[in-house]
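See structure below.
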Amino acid sequence: MKKIILTGDRPTGRLHIGHYVGSLRRRVQLQNEGGFDEIYIMIADAQALTDNFDNPDKVRANIVEVALDYLSAGLDPAKSNLFIQSQIPELTELSFYYMNLVTVARLQRNPTVKAEIQMRKFENSIPVGFFTYPISQASDITAFKATTVPVGEDQEPMIEQTREIVRKFNSIYGETLVEPEILLPENEASMRLPGTDGQAKMSKSLGNCIYLSDDEETVRKKVMSMFTDPGHLQVSDPGKVEGNTVFTYLDAFCTPEHFAAYLPDYADLEELKAHYRRGGLGDVKVKKFLNNVLQETLGPIRARRREFEKDIPYVYEVLQKGSEAAEAKAAQTLSEVKSAMRINYFDDRELIMQQQEAFANRAAQAQARENGRRRGKKK
Ligand code: TRP
């Protein structure tokens, strides 16, 4: 069986470093290792509209931002299909059929959707489109026969829902769809990168994000004002590393090579943490180190972005070509789905001829009965 990746992001803002360690970094790595037969990276505008339907220009404006973030992070159109969800009508069609396989009660149990409904204060007026987006996400994944979906852990309920739909579909209509596996980030810090203020999540509305496209000075300022251990008042005080955002970011980003380059007094992060815990290590020194690490990671991304920004028509060309390739794949799957569901009328010659024969037989029998009756009357 082919190894296929599908994943994506809602275009509601520029991508930040939480997206980067949560999935983007891994996608680029998997792309470059070459172990997958096909890679599809989707800008999920239709899904973004499920809770931004009244703000289409926000979604529209962010298509190019997300595409620029993808390209500058190292996704290569020669190896990965970058495409826009709304341009693949097959995805919507699949969703309509999958809806038969999911109950309202099952959707209501989805913890991510539950949290989002609370956050958006939908209460009793949940838009149906939003409520059913996990089904549409199952279409996104299965349309490409994805085996692997690299995402953050908040997407786990969507992958589980997809797997259930696949099993149900295959058991009713015959083996057609592929059950995907989730691929989670490599460590705890990358899984749940907090905001720079220490809040559980990076979010634009909280203003606690470091964006991939932030300039050098902005990144430095954000790092220098980051939340650390509020009990660590003087350099000599022992400090806490757990829940200390600066150390969480180091967990997600730094490597022993970074120590050799910027902080050679320490062999690795464990030594640095031990010193912080003992006391005698100031926040400023750790923040400066983190700034160096982040600049080293983000510098090349930022530089590539500046280049791609000079040729926006090229960016749209990439998306258009990617969307064409994606649609070809989705159309193939939809055709298999429709055959399995017995709704492929016009390309089923056999069905048409069988029915023709059945009608002919019926007519012949009726004729025979009629003849018999006439002969009976004559007597
Ligand atoms: N739900 C994802 C997000 O919030 C975006 C998305 C839509 C997605 N369809 C997908 C991710 C399919 C992985 C696979 O960003």
Side-chain angles (χ1 to χ4, degrees), residues 4-24 26-27 30 36 38-52 58-59 62-63 65-67 69-70 73 75 80-88 90-92 94-95 98 107 110-117 119-120 129-166 177-185 191-193 201-205 209 212 322-323 326 329-330 333:
I4 299 175
I5 287 178
L6 176 118
T7 184
D9 302 275
R10 296 181 193 177
T12 53
R14 290 177 290 150
L15 300 184
H16 52 61
I17 61 174
H19 293 114
Y20 184 72
V21 295
S23 166
L24 196 47
R26 177 64 84 67
R27 295 177 205 171
L30 295 173
F36 283 83
E38 294 165 31
I39 301 178
Y40 298 92
I41 311 289
M42 179 180 78
I43 302 182
D45 62 338
Q47 187 176 110
L49 284 168
T50 64
D51 65 331
N52 288 282
K58 169 172 149 189
V59 174
N62 280 302
I63 299 281
E65 297 285 359
V66 173
D69 287 330
Y70 283 170
L75 288 174
S80 301
N81 281 298
L82 310 183
F83 73 97
I84 307 179
Q85 186 183 27
S86 63
Q87 304 307 296
I88 320 297
E90 287 79 0
L91 298 177
T92 331
L94 282 174
S95 298
Y98 293 170
L107 286 172
N110 185 312
T112 301
V113 175
K114 253 192 202 167
E116 285 175 311
I117 286 172
M119 206 168 68
R120 287 166 179 70
F130 180 81
F131 185 59
T132 56
Y133 90 73
I135 301 177
S136 130
Q137 195 154 335
S139 304
D140 302 336
I141 296 168
T142 55
F144 300 93
K145 303 228 165 109
T147 51
T148 309
V149 185
V151 281
E153 71 176 341
D154 63 322
Q155 298 298 304
E156 215 158 2
M158 312 305 158
I159 313 302
E160 195 39 51
Q161 176 77 77
T162 303
R163 294 167 60 88
E164 284 174 29
I165 289 174
V166 169
L177 302 173
V178 176
E179 239 182 278
E181 305 277 349
I182 191 169
L183 186 62
L184 290 169
M191 196 108 80
R192 264 184 287 259
L193 199 74
K201 229 182 141 142
M202 276 201 181
S203 103
K204 193 164 56 188
S205 51
C209 309
L212 291 177
S323 297
K329 177 81 179 194
T333 304

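Excluded from the calculations below are hydrogen atoms, water molecules and symmetry mates; all remaining heavy atoms, backbone and side chain alike, are included. Each ligand, and each atom within it, is numbered from 1 in the order the structure gives. From a predicted model like this one, the values you see are computed outputs, not experimental measurements.
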Measuring only between side-chain heavy atoms, which start at C-beta, is [X] closer than 4.5 Å to [Y]?
X: K329; Y: F83; result: no
X: L30; Y: I39; result: no
X: M158; Y: V149; result: no

Among all protein heavy atoms in this structure, tell me which lies nearest to [atom], with the distance rounded to 0.1 Å.
atom: atom 4 (O) of ligand 1; result: R10 NE, 3.4 Å
atom: atom 9 (N) of ligand 1; result: D140 OD2, 2.7 Å
atom: atom 1 (N) of ligand 1; result: Q47 OE1, 2.7 Å
atom: atom 14 (C) of ligand 1; result: L6 CD2, 3.6 Å

**Study point:** Q137 N/O under 3.5 Å from ligand 1 N/O
**Key:**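 Looking only at distances, the answer is yes, because the N/O contact criterion of under 3.5 Å is met.
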
Review point. Cut-off 3.5 Å, side chains only: do Q85 and D140 have a donor facing an acceptor?
Key: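 Yes - a donor-acceptor pair under 3.5 Å links their side chains.
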
Practice item. State, without any angle test, whether Y98 and T142 hold a side-chain donor-acceptor pair at a distance under 3.5 Å. Key: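 Their side chains do contain a donor-acceptor pair, which is all the 3.5 Å distance test asks for.
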
Atoms in ligand 1 with a heavy atom of [X] nearer than 4.0 Å:
X: V151; result: 11 (C), 13 (C)
X: A44; result: 7 (C)
X: M42; result: 7 (C), 9 (N), 10 (C)
X: D9; result: 15 (O)

Point to revise | Side chain, backbone, both or neither: the part of Q155 lying under 4.0 Å from ligand 1 by heavy atom | key: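 Contact part for Q155 vs ligand 1: side chain (C-beta onward).
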
Review point. What part of Q85 sits under 4.0 Å from ligand 1 if we count only heavy atoms: the side chain, the backbone, both or neither?
Key: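 Within the 4.0 Å criterion, Q85 makes no contact with ligand 1.
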
Check your understanding: Where do L184 and E156 land on the side chain to side chain contact (heavy atoms under 4.5 Å, CB included) test, with the steps shown first?
Key -> CA-CA 9 Å; L184 290 169; E156 215 158 2; 4.1 Å; yes

Point to revise | K204/E65 ion pair, N-O < 4.0 Å | key: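 No, K204 and E65 are not salt-bridged.
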
Practice item. Please name the residue in the list I5, I141, V178 that meets the side chain to side chain contact (heavy atoms under 4.5 Å, CB included) test with T147. Key: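 Output: one option passes, namely V178.
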
